[in-house]
Amino acid sequence: WLLTRKLLTNYASEIATLLLAVSPLHVYYATEIRMYGLLLFETLLFTYWFLKFSGAASTKNSLLILIITLATLYTHYYAILIIITLWVWLWLKKRQVFWPWLMIQLTAWLLFLPWIIFAWRFPKPDCWCFSPIIGLPTLFTALAVGSVGIVTLKDLVYFGPKSIILLSFVATLSLFILFMRGTLKRMFHSISLPFYLFFIPLLITVPYGFLR
């Protein structure tokens, strides 16, 4: 609610909060003792304070960004996708605070180094996943069959046919180019950050699925 209100209006923040509250995937993981609910909270908090930091790189905002960055990294590796996206957005939109941001991130990664060393020495086993053959139909019937959170779009992108993965990448890249250079850029200029947060992680992860 706070993040959307900062980007748009009170009405938009209420709609966004309602959509999150009834999101099947969000509700599913809210009932499990997993890291995903915490990761979402930290990501929203991270993005909110990132906007405050980009507007005023004070000592307080810098310290909070450092703490949230470290907490998000230690919660889940996917936090790296958010960090990369914010790097790109900051370089293109707010380059004047890029160097303070760089110092904060270098400090955070230095503090994250012990876990990188540990994870490198003791890798976790592969996860159990549904067959990609049933990934797409199950995704759209997840509520009916009770598999919300087990089969998601990630299964299709990571483990699906190469043709589907390639199509996903081309579609994502095309939309991002339209956003950056065309009508979408003019239309959503004032709220560009959410679109970066949507497109750039996809552009990073889809090729990974294609190479698996």
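Side chains are part of it too, since the values below use all heavy atoms of this structure and drop only hydrogens, waters and symmetry mates.
Closest heavy-atom contact between Leu51 and Leu7: CD1-CD2, 3.8 Å. Of all non-hydrogen atoms in Ala79 and Thr72, the two that sit nearest each other are CB-CG2, 3.2 Å. When all heavy atoms of Pro201 and Thr85 are compared, the pair lying nearest together is CD-OG1, 3.4 Å.
A single hydrophobic cluster is seen to contain both Leu102 and Ile68, as judged by linkage of ILVMFWY side chains at heavy-atom distances under 4.5 Å, directly or through other members. Clustering ILVMFWY residues whenever any of their side-chain heavy atoms sit less than 4.5 angstrom apart, transitively, puts Leu70 in the very cluster that holds Ile116. Hydrophobic clustering places Leu106 together with Ile104 (ILVMFWY residues linked when any side-chain heavy atoms are closer than 4.5 Å, directly or through intermediates). At a threshold of 4.5 Å between side-chain heavy atoms, the hydrophobic network of Ile, Leu, Val, Met, Phe, Trp and Tyr places Trp87 and Trp99 in one connected group. Put simply, Leu197 and Trp91 are part of the same group of oily side chains (I, L, V, M, F, W, Y) that touch within less than 4.5 Å, one to the next.
Ring geometry, Trp101 versus Phe53: the interplanar angle falls from 30° to 60°, so the pair is classed tilted.
To the nearest 0.5 Å, the span separating OG1 on Thr17 from CG on Leu3 amounts to 9.5 Å. Residue Ile80 holds its CD1 atom at 6.5 Å from CG of Leu73, rounded to the nearest 0.5 Å. Note that the CD atom of Gln105 and the CD1 atom of Ile65 stand 8.0 Å from one another [nearest 0.5 Å].
Evaluation of the side-chain hydrogen bond (donor to acceptor under 3.5 Å, both in side chains) rule for Tyr74 yields no partner, not counting sequence neighbours. Under the side-chain hydrogen bond (donor to acceptor under 3.5 Å, both in side chains) criterion, Trp109 pairs with no residue, sequence neighbours left out. Remark: Ile15 engages Tyr11, Leu19 in a side-chain contact (heavy atoms from CB on, under 4.5 Å) (not counting sequence neighbours). Listed by chain and number, the residues in a side-chain hydrogen bond (donor to acceptor under 3.5 Å, both in side chains) with Trp1 are Ser13 (sequence neighbours excluded).
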Listing, residues 41-49 side-chain donor-acceptor contacts under 3.5 Å, not counting sequence neighbours, or none:
residue, atom, partner, partner atom, Å
Glu42, OE1, Thr75, OG1, 2.7
Glu42, OE2, Thr75, OG1, 3.2
Thr43, OG1, Leu39, O, 2.7
Thr47, OG1, Thr43, O, 2.8

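Counting only residues at least two apart or on different chains, the side chain to side chain donor-acceptor pair (under 3.5 Å) pairs with a member in residues 53-64 are Ser58-Asn61.
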Run Trp115 and Tyr77 through side chain to side chain contact (heavy atoms under 4.5 Å, CB included) and show every step you take.
CA-CA 11 Å; Trp115 178 256; Tyr77 298 126; 2.9 Å; yes
Using the side chain to side chain contact (heavy atoms under 4.5 Å, CB included) rule, take Thr69 and Ile83 through it: C-alpha gap first, then chi angles, then the decisive distance, then the call.
CA-CA 8 Å; Thr69 301; Ile83 292 172; 3.9 Å; yes
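Here the options are Leu86, Leu92, Leu90, the test is side chain to side chain contact (heavy atoms under 4.5 Å, CB included), and the partner is Val88; only Leu92 passes.
By the 6.0 Å contact criterion, CE on Met103 is open, its count of non-hydrogen atoms from other residues, nucleotides or ligands being 12 or less.
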